Amino acid sequence: MKNQEVARIFFGIADYLELQGVEFKPSAYRRAARNIEGMSQDVEDLWREDRVGEIPGIGKNLAAKIAEFLKTGRVQVYEKLKAEIPEGLVEIMRIQGVGPKTTKLLYDRLDISTVEELREAAESGRLYRVKGLGPKKAKNILRGIELREAYVQRMILGRALPIAEGMIVYLKARAPIDQIAVGGSLRRMRETIGDIDILAASEAPAEVMLAFVGMPDVQEVLLQGNTKSSVILGNGMQADLRVLDGESYGAGLLYFTGSKDHNIRLRSLAISLGMRLNEYGVSRGDKQVAGATEEEVYQALGLPYIEPELRQGQGEIEAAHRGELPHLISLENLRGDLHVHTNWSDGHDTLEAMVRAAQARGYEYVGISDHSQSLHIAGGLKEEEVIEEDAEIKDLQGKMPDIRILHGAEVDILEGGRLDYPDEVLKGLDFAIGSIHSRFTQPEEEMTDRVITAMENEFLTILAHPTARHINEREPIALDLPRVFEVATITGTALELNAGISRLDLNGAHARAAKEAGAPLIINTDAHATVGLDQMKFGVGQARRGWLEAEDVVNTRSLAEFQAWLDR
Ligand SMILES: [Zn+2]
Ligand SMILES: [Zn+2]
């Protein structure tokens, strides 16, 4: 499957064009890349059937580039950009607080083309020679470099999982495989992933390994054996495949899923029961007593099955012993998505397209929440536009009786906690989501007061992406979360678990703390295009890491109950 290669070239072109100051095109390339990266069909198959145009976001121009790549193995525009632009500039542009304009300035004026040169210039004060780049900016840049280094080897969950799933589809089609699954932190839905682990059971391990090292995206084969092979993929990530015997498959899957803490606890539990647990099974003396499935391994240790997301060594084994494991929420429990953008603000698709896409996902209700007036860069709606959008929603509701369309807004929380629309406007909406989109660096006390003041507004229904972080790119704001949780129990404001793949905010640990404090929670995608609605599963993954059950999350309720919650 060449999907990842095509996606990588498109992401690359987007980066280069952005550096050149080209507008709009970069986001078109990125959108196409994301869609190709996330799809399960082989782009080459689609191309052979002349159906590339069916991929969302692929027009004539991009279809021609895909065809060029599949025919020649290259895309000329990309090769040309790559030859012209120093590679390090893209990396510099990605540093928090830099961006394309500053990168160009640094290159043009100071000839800086690597992160190392930038660090030196920021430390030595050479940066200050350029107008606009003072000591404060230099300090921010150094902080950004540090942040990036801490994460650079780890890929975000939402990008790694589709790659791993694509590999499984590929392998199944080419070798005899009895069982196959993703393991490691990916299976536990950790927000970032170090490498991809795949576990399989097969009678013909050599064939499986041959298919694995022959995947089109493999750049380097580190190891090829009968039980384990390792490769480096085009994006620099390592992927490992282990082929296990059928009678050891469950024990191996358990072992390679981790976490380490969970496994250590299980091993000492086995010892205390006079048994031994390793990656091949549970044994007593020379006799293997379990190993084929994870269920039977847990059972041999006197435990019920523990879901992968709970295997963090955070009390799950004790809870299992007490019979108090949570009945975890699942994707099927969600009845609506309340954080959805349309092209009224910065969304890509029309209101109707978004509502139809929500209906296609089986939802009973959908909440439209375009940006508010102060957020100019995201096309925030002026008060009169909110009224116009409402008219379009009412009109569409008439045509689509099977899904309830709720009209809300994502309202900026301004200085001091004031909301970006007056109460008269908020009162006319079905719900309002409050968001921090500015002044991210306020000290904790001010920021916490700002957020709490907003939550105390009776028209604020939901607090969006509470920490405002972007994984690997922007640090969380300084916010006293325990206080926010406590206030939410009083105001009834639902705290969002934003499922957007670069946010996952609240994360699992926060969600668990919020639940324990008794705060209401909601899982939303913050979709800016129809495909974005599919990110719900990543939010659910974090919710499961946070021990959440369906009843902890307000948008698992039926329309009538949800409406009653809104009207309370
Ligand atoms: Zn937002
Ligand atoms: Zn949003």
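Starting from 1, each residue takes its place in the sequence as its number. Atoms within a ligand are numbered from 1 in the order they appear, just like the ligands themselves. On a predicted model such as this, the values are computed, not experimentally measured, just so you know.
With respect to the Zn ion (ligand 1), E410 has OE2 as its nearest N, O or S atom. With respect to the Zn ion (ligand 1), H437 has NE2 as its nearest N, O or S atom. H341 contributes atom NE2 as its closest N/O/S atom to the Zn ion (ligand 2). Looking at H465 and the Zn ion (ligand 1) together, the shortest N, O or S contact belongs to NE2.
Listed here is the closest heavy atom pair of H465 and E496: N-OE1, 2.9 Å.
By the 6.0 Å and 45° rule, R30 does not stack over the aromatic ring of F10.
Not one N/O/S atom of D526, from backbone or side chain, sits under 2.8 Å from the Zn ion (ligand 1). The Zn ion (ligand 1) lies at 2.8 Å or more from every N, O or S atom belonging to H339. Note on H371: not counted as a metal contact of the Zn ion (ligand 1), no N/O/S atom lying under 2.8 Å.
In this structure, a donor-acceptor pair under 3.5 Å is present between the side chains of R450 and Q442. Side-chain contact annotation: D526 with N498, donor-acceptor N/O pair under 3.5 Å present.
Taking the charged nitrogens against the carboxylate oxygens, E5 and R8 have no contact shorter than 4.0 Å, which rules out a salt bridge. Looking at E54 and R51, a side-chain N of the basic residue comes within less than 4.0 Å of a carboxylate O on the acidic one, giving a salt bridge.
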